[in-house]
> 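Starting off with a structure, shown below.
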Amino acid sequence: MGHIYNHTWIDIAARYKRMRGYEVYFPQGFDCHGLPTELKVEKELGVRKENREDFIDKCISWTEKAINRMSKQFDDIGYSTDWSLTYRTMDDDYMRLIQETLLEFYSKGILYRAKHPVLWCPRCETALAKAEVGYVECEGKLYHIDLLCEGHRLTIATTRPEMMPSCVAVFIHPDDDRYARYEGKKALLPIYGREVPIIADEAVEMEFGTGVVYLCTFGDEQDIAWQKKYRLPVIESIDSRGIMTGEAGKYAGLSILEARKEIAEDLIEDGHIRKIEKLTHSVLSHTERSSCKSPIELIPLYQWFINVKDYLKQVVESSQQMGWHPSYMLGRMIDWTETMDWPRDDVRVCSKCGAKKAVGVGDVADCWVDSSVTPLVISGWNRNDELFDKTYPVSLRPQGYEIIRTWAFYTIYRCMLLTGDKCFDELLINGMVAGPDGRKMSKSLGNVIEPEEPLEKYCADTIRQWAAGGTPGDDYPFSWEECDHSQRFLIKLWNISRFIMMHLEDYDGEEDVDLRDVDYWILSKLQVLVSECSVNLDKYVFNIPLTAIRSFLWHDFADNYLEMVKHRLYKPEIYGEDSRRAAQHTLKRVLETVLLLLSPYTPHISEEIWDTLVGGYCSLSSWPKADKSLISEDALAKGELLVEVISEIRRFKSEHQMSLGAELALVEIQADSISADKIKSIEPDIKATGRINELKTSVSDKVDGFGLRIK
RNA sequence: GGGCCCGUGGUCUAGACGGUUAUGACGCUGCCCUUACAAGGCAGAGGUCCUGAGUUCAAAUCUCAGCGGGCCCACCA
């Protein structure tokens, strides 16, 4: 439903801009590569990636199935993309362009290969981006292990005793009086009998565990920082499959968990363990965009890196040149550039390797490597200069807030470096779709709605109204009630149209008509509505115009105006042919304009009615302009008075359990002089709409506004 | 720990350049077949606009603090 949600937004924007006269370049892309796909295929089809060719085939067919399903959903909601422009990140042309951009980065030294501790998932056997990991809270044990220092016991605390073979130093806090005397000395590791330096550093948390921590290469990011800062050696005791290496001595060949168990037993047996505490802690795990959830390791490996840190200032500057909707989302981008951190490795690898045969890299690239060049792909960068000049920067980037730090960030970064220019004029940021219960959609909560279910139950224009109801940047729940209401609105619109069509059968389309106060009233309100819609749609605010259109059509137009002109339509012999024609003209004009306003939201029903009412396509017509000459303050005031008087009469009938069609013998209105003037001019409308036989209006200085006496 | 967003009748929600009676939906109550629509219409009940303080003639709206919720980031040897 998230895709239905934001693609409806994009489609409304595209349809609106077309009607405003823009030539809208509207391609749809599909993001295909990456770990999420691989994990899905492994899980659902039960295949492993040992057989690379077979695995890739399975990934491609799975992805194509997903694309077909999504494309059908988009077609089902009337998504007006130009399918001939569709791009897929797994297409050869697309991949070629990715490679070109990477080669350009390589030639500039921005892309480089280096050995560096990376976040590594032993289960998926791949390096992960920082954005792909998160912390999972779980139960663990904190082992207090005695080390020896000049005959004294120095007790460290660790949750990972199996990292002992990788220990290269022990750290204490410089202000910690308990351990001050050990600073600069050496500690002896049990089992391995190796001596490591004892170093004082501010980063040690004195309150945690024993206040003494051992540094292993690499247990966490702090270890990386310390290893670099103090130029300590690196000992790799865990390999890329999560198996202990030869450095682990007798534990070599064991898995991490097996080694943890055995080394702990040995330490206990030898009397080196002073205490084991239970501990709830957060373990860095493979959490994002994946169902893996395995704990991750920091393993030094040769990997390809792209230097973003040196260009953050430019990314921020580029982002500031764009319009963000809502504007505070720019702040999230800047926050990200300010807080992202990774100890930099300055190693650059020479490109002149002299290899005779190029061998593809076996690693799985971060999927953002593909998806962050889309503005270049669709604009024909390095392919078609004419197209590029016309379509770059992209006018509007729609996306969710959860991938500002990834999709938006990497896209702005790469396009800025490759083109020297910003890649978007504006960004429209949507929130997440929550379940009907208001909570995040998740399988475990059982509140997931797949698009097929509402699409089966409701028509596309109903789903689109639901989607248009969201606010930029805010999360938005899926709501069956909102769908019900939206569906009923369509029926209402249909019935209004039937009524109007019925009365337009003999309408000659004469424009030169003698409009009455009531006509000016509804036409005035219509002009206000048109400008309200334009102002908001220009800001990509969709919910406010839709609500305003629905309220106008349902309540002002149907509940009030239609009832107020029925007598003129049905009895021209009493009220005059020209009055009837004025009403016909107004009915047609209002409905036409409302159909144009609704067209971006509910294109299907709008076209259907438009075809009968006007002919042709309303989505190809021009967006209406508010005609200020039709706004009459006097008519607005008279119309509101008429609504109020009719409302009083309806209330009376309701209280007396009378039908609204029941006739009233006599109604007397007392009004102050200003209101009385206005009321007198709309007396025929009051009389006819209220089914009043005799209506008397008199001026009274005792009332404020007006009062009614009904018999 | 840092940042951002949010808190409005039973439920969901609009409004946030300060200014009549706070919007609408669902639900609820009563009534009514208006020569379009009962999948409709009319009328009605229901609110300390999270709490407190401040600015102001005036605060749902602005400021600060607190409480509660959400998201992102960081930390947890």
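In what follows, chains carry the letters A, B, and so on, assigned in the order in which the sequence lines appear, proteins first and then strands, with residues in each chain numbered from 1. None of the values given here were measured: they were computed from a predicted structure.
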> Could you tell me the separation between the CD1 atom of A:I549 and the C1' atom of B:rA25, rounded to a whole number of Å?
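Taking atom C1' of B:rA25 as the reference, CD1 of A:I549 is at 17 Å.
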
> I want to check one thing: is the phosphate of B:rA25, taken as OP1 and OP2, less than 4.0 Å away from some side-chain N or O of A:S479?
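It does not, given that no N or O in the side chain of A:S479 lies less than 4.0 Å from OP1 or OP2 of B:rA25.
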
> In whole Å, what is the span from the CZ atom of A:R160 to the C1' atom of B:rC76?
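Roughly 14 Å, once rounded to whole Å.
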
> Of the nucleotides B:rC37, B:rA77, B:rC31, which has the atom closest to the A:L142 side chain?
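Closest nucleotide among those given: B:rA77.
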
> What does A:F171 touch in the nucleic acid at a heavy-atom separation under 4.0 angstrom: a base, only the sugar-phosphate, or nothing?
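Contact class for A:F171: none.
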
> In whole angstrom, give the distance that lies between atom CE of A:M432 and atom P of B:rC5.
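For the pair A:M432 CE and B:rC5 P, the rounded distance is 17 Å.
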
> If the threshold is 4.0 Å, N to carboxylate O, is there a salt bridge linking A:E563 and A:R691?
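Judged by the 4.0 Å cut-off on N to carboxylate O distance, A:E563 and A:R691 do not form a salt bridge.
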
> Just call it for A:S659: base, sugar-phosphate, or nothing, with non-hydrogen atoms closer than 4.0 Å on any strand.
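The answer is sugar-phosphate, as A:S659 gets under 4.0 Å only of primed atoms, P, OP1 or OP2.
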
> Only pairs with both distances under 3.5 Å count, Watson-Crick or wobble alike; so what is the partner of B:rU20 in this structure?
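Result: none.
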
> Please determine, for the side chain of A:R498, which listed nucleotide (B:rC5, B:rC37, B:rC26) has the closest atom?
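In terms of side-chain proximity for A:R498, the closest of B:rC5, B:rC37, B:rC26 is B:rC37.
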
> Please report, rounded to the nearest Å, how far the C1' atom of B:rG24 is from the CD1 atom of A:I544.
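Spelled out: CD1 on A:I544 to C1' on B:rG24 is 13 Å.
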
> From the list B:rA77, B:rC37, B:rC42, which nucleotide is the closest neighbour of the side chain of A:E563?
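Given the options B:rA77, B:rC37, B:rC42, the side chain of A:E563 is closest to B:rC37.
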
> Taking atom types as modelled, find out whether A:H272 and A:D146 have a side-chain donor-acceptor pair closer than 3.5 angstrom.
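Checked: A:H272/A:D146 side chains show no N/O donor-acceptor pair below 3.5 Å.
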
> Checking all strands, does A:T471 fall into the base, sugar-phosphate, or nothing category for heavy-atom contacts under 4.0 angstrom?
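Since only primed, P, OP1 and OP2 atoms lie under 4.0 Å of A:T471, the category is sugar-phosphate.
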
> For A:L562, which contact category applies under a 4.0 Å heavy-atom criterion: base, sugar-phosphate, or nothing?
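Base contact - A:L562 has a heavy atom under 4.0 Å of at least one base atom.
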
> Across the strands shown, which category fits A:S647 at heavy-atom distances under 4.0 angstrom: base, sugar-phosphate, nothing?
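Counting heavy atoms under 4.0 Å across all strands, the contact made by A:S647 is with sugar-phosphate only.
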
> Who is the Watson-Crick or G-U wobble partner of B:rG46, with both distances under 3.5 Å?
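Paired with B:rG46, as far as the under-3.5 Å criterion goes, is no nucleotide at all.
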
> Does B:rG40 have a Watson-Crick or wobble mate here (both distances under 3.5 Å), and if so which one?
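B:rG40 is paired with B:rC32.
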
> How far does the P atom of B:rC5 sit from the matching atom of B:rG15, given to the nearest Å?
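16 Å, rounded to whole Å.
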
> May I have the distance from A:I334 (atom CD1) to B:rC72 (atom P), rounded to whole angstrom?
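Taking CD1 of A:I334 and P of B:rC72, I get 20 Å after rounding.
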
> B:rC31, B:rC5, B:rC76: which one has an atom nearest the side-chain heavy atoms of A:R332?
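So the nucleotide nearest the side chain must be B:rC5.
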
> Please work out if A:R691 contacts a base, only the sugar-phosphate, or nothing of the nucleic acid, heavy-atom cut-off 4.0 Å.
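Sugar-phosphate contact only - A:R691 comes under 4.0 Å of backbone atoms but never of a base.
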
> Scan A:D223 against the nucleic acid and name what it touches under 4.0 Å (heavy atoms): base, sugar-phosphate only, or nothing.
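It contacts nothing in the nucleic acid.
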
> Roughly how far apart, to the nearest Å, are B:rC4 and B:rC42 at atom P?
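Here B:rC4 and B:rC42 have their P atoms 46 Å from each other.
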
> Identify which nucleotide among B:rC31, B:rG40, B:rC42 has an atom closest to any side-chain atom of A:W554, counting heavy atoms from C-beta outward.
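Of B:rC31, B:rG40, B:rC42, B:rG40 is nearest to the side chain of A:W554.
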
> Less than 6.0 angstrom separating the ring centers of A:Y476 and A:W466, yes or no?
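Centroid separation for A:Y476 and A:W466: below 6.0 Å.
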
> When A:S579 is tested against each of A:R568, A:H567, A:Q584 for side chain to side chain donor-acceptor pair (under 3.5 Å), which residue passes?
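Output: one option passes, namely A:R568.
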
> What nucleotide, of B:rC31, B:rC37, B:rA77, holds the atom closest to the side chain of A:V204?
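Of B:rC31, B:rC37, B:rA77, B:rA77 is nearest to the side chain of A:V204.
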
> How long is the line joining NE2 of A:H485 and C1' of B:rA14, in whole Å?
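Rounding to the nearest Å, NE2 of A:H485 and C1' of B:rA14 are 13 Å apart.
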
> Name the nucleic acid region contacted by A:Q487, choosing base, sugar-phosphate or nothing; use a 4.0 angstrom heavy-atom cut-off, strictly under.
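It contacts nothing in the nucleic acid.
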
> May I ask you to verify if any side-chain N or O of A:R651 is less than 4.0 angstrom from the OP1 or OP2 atom of B:rG44?
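A:R651 to B:rG44 OP1/OP2: side-chain N or O found under 4.0 Å.
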
> Can you tell me if A:T462 and A:S486 form a side-chain donor-acceptor pair at under 3.5 Å?
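Side chains of A:T462 and A:S486: no pair found under 3.5 Å.
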
> Can you tell me the distance, in whole Å, between the CG atom of A:L490 and the P atom of B:rG40?
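To the nearest whole Å, that distance equals 13 Å.
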
> Using both distances under 3.5 Å as the test, list the Watson-Crick or G-U wobble partner of B:rA65, or none.
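Per the H-bond distance test, B:rU51.
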
> Just compare B:rA77, B:rC32, B:rC26 and give me whichever is closest to any side-chain atom of A:R488.
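Nucleotide nearest to A:R488's side chain: B:rC26.
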
> Under 6.0 Å between ring centres: does that hold for A:H325 and A:W9?
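For A:H325 and A:W9, the ring centres are not under 6.0 Å apart.
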
> Considering every strand and a 4.0 Å limit on heavy-atom distances, what is the contact class for A:A558: base, sugar-phosphate, or nothing?
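Base contact - A:A558 has a heavy atom under 4.0 Å of at least one base atom.
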
> Just the rounded figure in Å: distance from P of B:rG30 to CG of A:L660.
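So the two atoms are 18 Å apart, to the nearest Å.
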
> Give the nucleotide from the list B:rC32, B:rC75, B:rC26 with an atom nearest to the side chain of A:E481.
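Comparing B:rC32, B:rC75, B:rC26 against the side chain of A:E481, the answer is B:rC26.
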
> On a whole-Å scale, what distance lies between the C1' atoms belonging to B:rA60 and B:rU51?
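Each nucleotide's C1' atom is 14 Å from the other's.
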
> Remember a base hit wins even if backbone is also touched, and classify A:K566 as base, sugar-phosphate or nothing at under 4.0 Å, heavy atoms.
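Base contact.
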
> Between A:E640 and A:K525, is there a side-chain N and carboxylate O pair less than 4.0 Å apart?
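Yes, charged N to carboxylate O under 4.0 Å.
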
